[in-house]
Amino acid sequence: MIRNGIGVSKGYAIGTAYRISGSDEINFCATSENTAMEEKRLREAVERSKLQVKRIAEGAQQNLDAKNAEIIESHLNFLEDPAFTGEAFKKIREDSLTAEKAISDVTQSLYEMFSEFEDEYTRDRAADIKDIGERILRNLLGKEEDINFKDLPQNTVLFAHDLKPSDTAQIDREKVVAFVTEKGGKTSHTAILAKALGIAAVVGCDGILHEVEDGMPVLVDGVSGQVIVSPDEATIQKYKSLQAEEKSRKEKYANFLNQRITTEEGRKVLVAANIGGLEDLKTALENGAEGVGLFRTEFLYMNRQTMPTEEEQFQVYRDAAQLLQGKPLTIRTLDIGGDKSLPYLKMQKESNPFLGLRAIRLCLKNQDIFRTQLRAILRASVYGNIQIMFPMIGSDEELKQAKEVLDRCKRELGEEGVNYDPHILTGMMIEVPSAAIMAADFAKNVNFFSIGTNDLTQYTLAVDRMNETISGLYNSMHPAVLRLIKMTIEAAHQAFIPCCMCGELASDEKAIPLLLQYGLDEFSVSPGALADTKVRLLKAIGN
Ligand code: PEP
Ligand code: MG
């Protein structure tokens with residue numbers, strides 16, 4: 001059986017299906033006549049949740065710091081709290097609600113109540129309530145406790161309704177050869193992470209969870225977007241030879257990894273990497289990256305219970321700068337919101353998260369988070385060639401405020417006698433149409449631009465980058481998007497600043513000749529796309 005989705009990460013995989021349930025699949029009835037049964041179900045789900053949390057708490061004492069262990073302990077207390085589970089039992093009895101509806105309602109109202117508190121500590125408990133409420137709900141619905149990415153068998157092909165970027169970041173590429181999701185678009189962060197991992201991936205494969213069972217043999221074609229369940233021998237052989245061709249192409253391309261690109265007019269073009277952490281950086285350097293054009297720092301904040309401290313972040317940025325040995329490291333400040341959330345950061349539910357409190361907007365509203373990160377970057381700046389980049393800037397006021405916070409951090413560090421690079425370069429992403437249109441004005445106030453075509457496309461065309469049903473409309477080569485790109489590069493050059501592109505379009509075969517013609521100075525691409533990009537650039541300049 002063949003199903004079609006959107007191929008988002010090149011490569012072919014042959015493996016065994018493993019289904020994981022996602023929270024988006026949760027559907028349940030609201031009322032029930034059988035109150036006694038609903039009470040029993042809730043009691044059992046609460047008990048199961050307690051056991052799970054106790055298990056995590058035991059592990060936490062060995063592996064996590066005291067603060068994280070304390071948070072997990074507090075989940076146990078919530079499970080016994082009359083105002084939480086007690087209230088849900090009451091709703092079952094008095095309003096004839098199902099256990100699922102009762103626990104969801106109580107979780108939601110407590111979450112909203114805690115979110116309103118002035119005091120930060122109490123406010124932070126809102127995320128704990130949500131976490132524990134979702135755990136009980138998963139137990140009621142018999143869903144997986146947590147996705148355990150560690151104990152998966154070799155050659156696993158993951159099938160999920162959706163994967164969060166934080167889930168994808170935990171995938172072990174030694175075990176997982178591909179993943180397939182029912183939701184998601186070409187430039188969703190989940191898709192981008194699959195590329196960075198170098199595994200095949202197909203998203204937007206509607207209904208696939210009803211077609212596969214655990215243990216079934218499957219083939220994933222990340223190029224065409226086809227998923228073949230229970231393939232026959234001839235198809236397996238065909239894909240084995242495609243895999244062999246891909247391997248030999250990669251070997252051939254390895255010869256180009258260290259090639260530097262110079263255009264006919266003698267203009268040097270940099271080919272850099274987009275990374276999400278030190279592991280990606282190592283792969284990028286092995287693949288000939290000439291620098292990092294985009295460090296998506298939000299991945300440092302994911303899959304943990306608390307914010308990373310200044311010291312923790314400093315160490316990562318310093319290590320990255322040192323690994324790069326003087327090559328540029330562009331660190332983008334936190335881009336949370338949109339499809340990326342943090343379990344421990346209170347965020348209001350928004351109807352349009354991509355148009356909401358995201359990236360720089362969130363940082364300017366939570367300046368303690370922003371300052372912690374900026375201080376860490378500044379402290380690391382003496383260890384290499386670091387530059388700072390602000391995401392999602394849409395107005396000059398936002399840029400001004402971001403730079404003011406940066407200046408304040410510099411001043412504070414100076415007063416504390418801490419070293420930093422006083423000449424650190426500061427740039428901004430051009431990923432909101434207003435920024436592209438006003439690029440000439442912005443260019444006077446930054447040291448570089450980096451065009452984020454993933455967002456620039458969705459915001460220019462009003463096409464959600466995550467929505468598989470309109471993926472046909474998502475086109476970064478749309479004349480409107482191309483015109484904004486051209487305007488941005490021209491504005492940069494008029495102000496004598498360089499222009500990079502770190503969106504997915506930078507490695508696109510059809511776009512590369514055009515981007516070169518526009519005068520793009522730097523192509524920053526996923527580590528796995530470095531060789532392909534260099535070959536395409538060489539071809540475009542006629543080598
Ligand atoms: C972009 O929007 O093109 C970009 C590089 O940023 P992200 O994909 O992380 O939103
Ligand atoms: Mg973006």
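Any value given below was found using the heavy atoms of this structure, including those in side chains, with hydrogens, waters and symmetry copies removed. For ligands, and for the atoms within them, numbers begin at 1 and follow the listed sequence. We count residues from 1, following the sequence as given.
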Applying side chain to side chain donor-acceptor pair (under 3.5 Å) to Ser224 and not counting sequence neighbours gives Asp221
Any atoms of ligand 1 less than 4.0 Å from a non-hydrogen atom of Gly452? List them with their elements.
-> 1 (C), 2 (O), 3 (O)
Which of the numbered atoms in ligand 1 are below 4.0 angstrom from a heavy atom of Ile192?
-> 8 (O)
Only residue of Arg375, Arg371, Gln373 satisfying side-chain hydrogen bond (donor to acceptor under 3.5 Å, both in side chains) with Glu310 is Arg375
Which ligand 1 atoms are under 4.0 Å away from a heavy-atom of Arg358?
-> 10 (O)
What protein N/O/S atoms lie closer than 2.8 Å to the Mg ion (ligand 2)?
-> Glu431 OE1, Asp455 OD2
Non-neighbouring partners of Glu509 that pass side chain to side chain donor-acceptor pair (under 3.5 Å), sequence neighbours left out = none
Is it true that the side chains of Gln494 and Glu490 contain a donor and an acceptor less than 3.5 Å apart?
-> no
Can you list, pair by pair, the side-chain donor-acceptor contacts under 3.5 Å of residues 424-450, counting residues two or more places apart and other chains?
| unit_1 | atom_1 | unit_2 | atom_2 | d |
| --- | --- | --- | --- | --- |
| Glu431 | OE2 | Met392 | N | 2.8 |
| Ser434 | OG | Gly394 | O | 2.8 |
| Asn447 | OD1 | Thr426 | N | 2.8 |

Number the atoms of ligand 1 from 1 as they appear, then name those within less than 4.0 Å of a heavy atom of Met429, with their elements.
-> 4 (C), 5 (C), 6 (O)
Please determine, by modelled atom types, if Lys183 and His161 share a side-chain donor-acceptor pair under 3.5 angstrom.
-> no
Say whether Tyr317 and Glu312, considering side chains only, have a donor N or O and an acceptor N or O under 3.5 Å apart.
-> no
Below 4.0 angstrom from a heavy atom of Arg465, which ligand 1 atoms are there? Numbered from 1 as shown, please.
-> 2 (O), 7 (P), 8 (O), 10 (O)
Will you find, in the side chains of Asp162 and Thr181, an N or O donor that is under 3.5 Å from an N or O acceptor?
-> no
Does Tyr301 have Arg304 sitting over its ring (NZ/CZ under 6.0 Å from centre, angle to axis within 45°)?
-> no
Taking distance alone, with no angle check, do Glu504 and ligand 1 share an N/O pair under 3.5 Å?
-> no
In this structure, atom 6 (O) of ligand 1 is nearest to the protein heavy atom Arg332 NH1, 2.9 Å
The protein heavy atom nearest to atom 7 (P) of ligand 1 is His189 NE2, 3.2 Å
Work out which heavy atom in Cys500 is nearest to a heavy atom in Ser524; give both atom names and the distance.
-> SG-CB, 3.9 Å
Against heavy atoms of Cys502, which atoms of ligand 1 measure under 4.0 Å?
-> 5 (C)
Are Glu298 and Arg332 within salt-bridge range, i.e. N to O under 4.0 Å?
-> yes
Please could you name the atoms of ligand 1 that Asp455 approaches to less than 4.0 Å, counting only its heavy atoms?
-> 1 (C), 2 (O), 3 (O), 10 (O)
Do Asn454 and His189 have side-chain N/O donor and acceptor atoms under 3.5 Å apart?
-> no
Nitrogen or oxygen of Thr453 less than 3.5 angstrom from that of ligand 1 | yes
Distance filter under 4.0 Å to Leu294 heavy atoms, resulting ligand 1 atoms = 5 (C)
